[in-house]
2 protein chains.
Amino acid sequence: MDPAVVGRRVRALREERGISLSTLARLAGVGKATLSGLEHGTRNPTLETLWAVTAQLGVPLTAVLAEPAAGPTVHGTAVTATLLEVFTDTDATYELYRMRVAPGPGQLSPAHPPGVTEHVTVFAGVLRAGPADAPLTAPAGGHLRWVSDVPHSYAAVGDEEVAASLLLRYPRR
Amino acid sequence: MDPAVVGRRVRALREERGISLSTLARLAGVGKATLSGLEHGTRNPTLETLWAVTAQLGVPLTAVLAEPAAGPTVHGTAVTATLLEVFTDTDATYELYRMRVAPGPGQLSPAHPPGVTEHVTVFAGVLRAGPADAPLTAPAGGHLRWVSDVPHSYAAVGDEEVAASLLLRYPRR
DNA sequence: CGCTGCCGTTCCGTAAACGGAACAGTCGGG
DNA sequence: CCCGACTGTTCCGTTTACGGAACGGCAGCG
């Protein structure tokens with residue numbers, strides 16, 4: 001648990017929104033010294049302080065806390081996926097994961113039940129994934145989709161780790 | 001944000017484990033007075049204190065923080081987006097949302113800072129979204145992507161609510 | 001050059017969160 | 001009973017996070 005990490009995230013979120021330290025401090029009702037020290041990690045903020053700041057940024061407290069994984073994490077040889085959310089609608093159940101694929105030989109996953117589809121959005125790196133006999137390739141910003149009732153593979157192209165979101169759709173039986 | 005709620009959760013977790021306040025305080029390396037005050041909600045704990053206690057209980061910080069639903073981003077009339085995760089890599093910060101768009105007239109969002117891109121993966125329904133003057137359309141399973149430094153719109157096509165994931169990418173400046 | 005306005009950091013007195021010790025209450029054993 | 005070991009709370013001196021003010025730096029403007 002590193003206060004410096006929390007500080008960096010707060011600063012990143014603030015700068016994304018294009019607001020200055022001074023104004024954020026004023027909006028959140030905390031001192032500029034407090035916010036400055038918080039962003040630098042030189043202070044050990046009170047829950048109240050952190051709450052005031054994150055609320056003003058419009059993010060939950062969890063967004064700045066160094067929590068590695070909220071949900072269960074699945075580790076394979078190349079792929080690490082953490083479950084972010086499960087939700088259902090009238091005709092399917094969805095599982096949304098954040099996925100990371102390490103550079104190297106890649107990984108093979110067994111077939112899912114019939115009708116299951118996977119949707120992958122690539123954030124960083126280049127991903128080659130899909131049915132084992134006909135994988136697809138997507139660069140950062142790209143999107144892949146396949147029916148995963150056959151064995152399928154994931155691999156990073158090049159030396160960069162791939163970051164992506166993975167959605168599994170299980171049709172209601 | 002209620003410190004009393006945090007206190008009750010800590011006490012509940014401690015009692016589930018059948019350990020006394022005294023021993024938890026000793027294991028966590030905090031004073032008994034500190035833990036007592038924390039559980040009663042009469043103190044405003046430091047991040048360090050709360051971390052020491054929750055770590056000893058074997059739960060993530062998020063387990064005791066009063067966040068029931070991650071902050072609904074009140075995009076407004078038609079769109080509801082809840083922040084699932086924030087993460088950063090070497091050249092950008094990402095915010096991942098689950099988004100729902102209600103059927104009806106849709107909604108306009110103001111421009112983001114330059115360089116920000118949005119990636120949407122549609123799970124259910126049909127979504128029309130993108131730059132306000134040139135929106136794109138995607139059915140379930142589809143994917144949209146645009147540079148969002150201009151005003152942009154979201155609308156559900158047809159009577160079905162749209163479920164989607166939304167990724168905002170903020171380049172490091 | 002001033003002057004103004006905003007930026008983020010540092011200084012500093014005050015308020016409060018901190019840990020240790022003292023406290024009353026409760027249980028079980030000799 | 002009385003004692004020891006334990007519970008959780010309260011007291012208190014020390015530490016430290018707090019906000020306001022003062023500071024230097026950097027634009028834009030007359």
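Because the structure is predicted, anything quoted here is derived from the model rather than measured. The chains referred to below are lettered A, B, ... by the order of the sequence lines, with proteins before strands, and numbering in each begins at 1.
For the pair A/L21 and A/L35, the tightest heavy-atom approach, listed with the atom from each and the gap, is O-CD2, 3.5 Å. Closest non-hydrogen pair, A/G106 versus A/T77, comes out as O-OG1, 3.9 Å.
Remark: C1' of D/dT15 and CD of B/E48 are 12 Å apart, rounded to the nearest angstrom. Between the CG atom of A/L38 and the P atom of C/dT9 there is a distance of 11 Å, given to the nearest Å. Summarising the geometry, the separation between CD on B/E39 and C1' on C/dA17 is reported as 16 Å, rounded to the nearest angstrom. If you take CD of A/E15 and P of C/dG8, they are 8 Å apart, rounded to a whole angstrom. Atom CD1 of A/I19 and atom C1' of C/dC7 are 14 Å apart (whole Å). Whole-Å rounding puts the A/H40 NE2 to C/dG8 C1' distance at 8 Å. Atom CG of B/N44 and atom P of D/dC18 are 9 Å apart (whole Å). D/dT9 atom C1' lies 10 Å from atom CZ of B/R11, rounded to whole Å.
Between A/E160 and A/R100 there is no salt bridge, since no side-chain nitrogen of the basic residue lies less than 4.0 Å from a carboxylate oxygen of the acidic one.
The side chain of B/K32 has D/dT9 as its nearest neighbour among C/dA17, C/dG8, D/dT9. Here the side chain of A/A33 is nearest to one of C/dA22, C/dC11, C/dC18, namely C/dC11. You'll find that the side chain of A/S20 is closest to C/dG8, out of C/dG8, C/dC18, D/dT9. Closest to the side chain of B/T23, out of D/dT7, C/dC18, D/dT9, is D/dT7. Taking the side chain of A/V30 as heavy atoms from C-beta on, and the options D/dG19, D/dT9, C/dA17, the nearest nucleotide is D/dG19.
Within the structure, every side-chain polar atom (N or O) of A/T49 is placed at least 4.0 Å from both OP1 and OP2 of D/dA17. For the OP1/OP2 pair of D/dT7 and a distance below 4.0 Å, the side-chain nitrogens and oxygens of B/S22 include at least one atom meeting the criterion. Phosphate proximity of D/dG8 to B/S36: absent, as no side-chain N or O sits under 4.0 Å from OP1 or OP2.
For the side-chain hydrogen bond (donor to acceptor under 3.5 Å, both in side chains) with B/E39, the lone residue among B/R14, B/R8, B/R9 that qualifies is B/R14.
Judged purely by atom type and a 3.5 angstrom limit, A/S148 uses its side chain to pair as donor or acceptor with the backbone of A/V116.
Here A/T34 lies in heavy-atom contact (under 4.0 Å) with a base.
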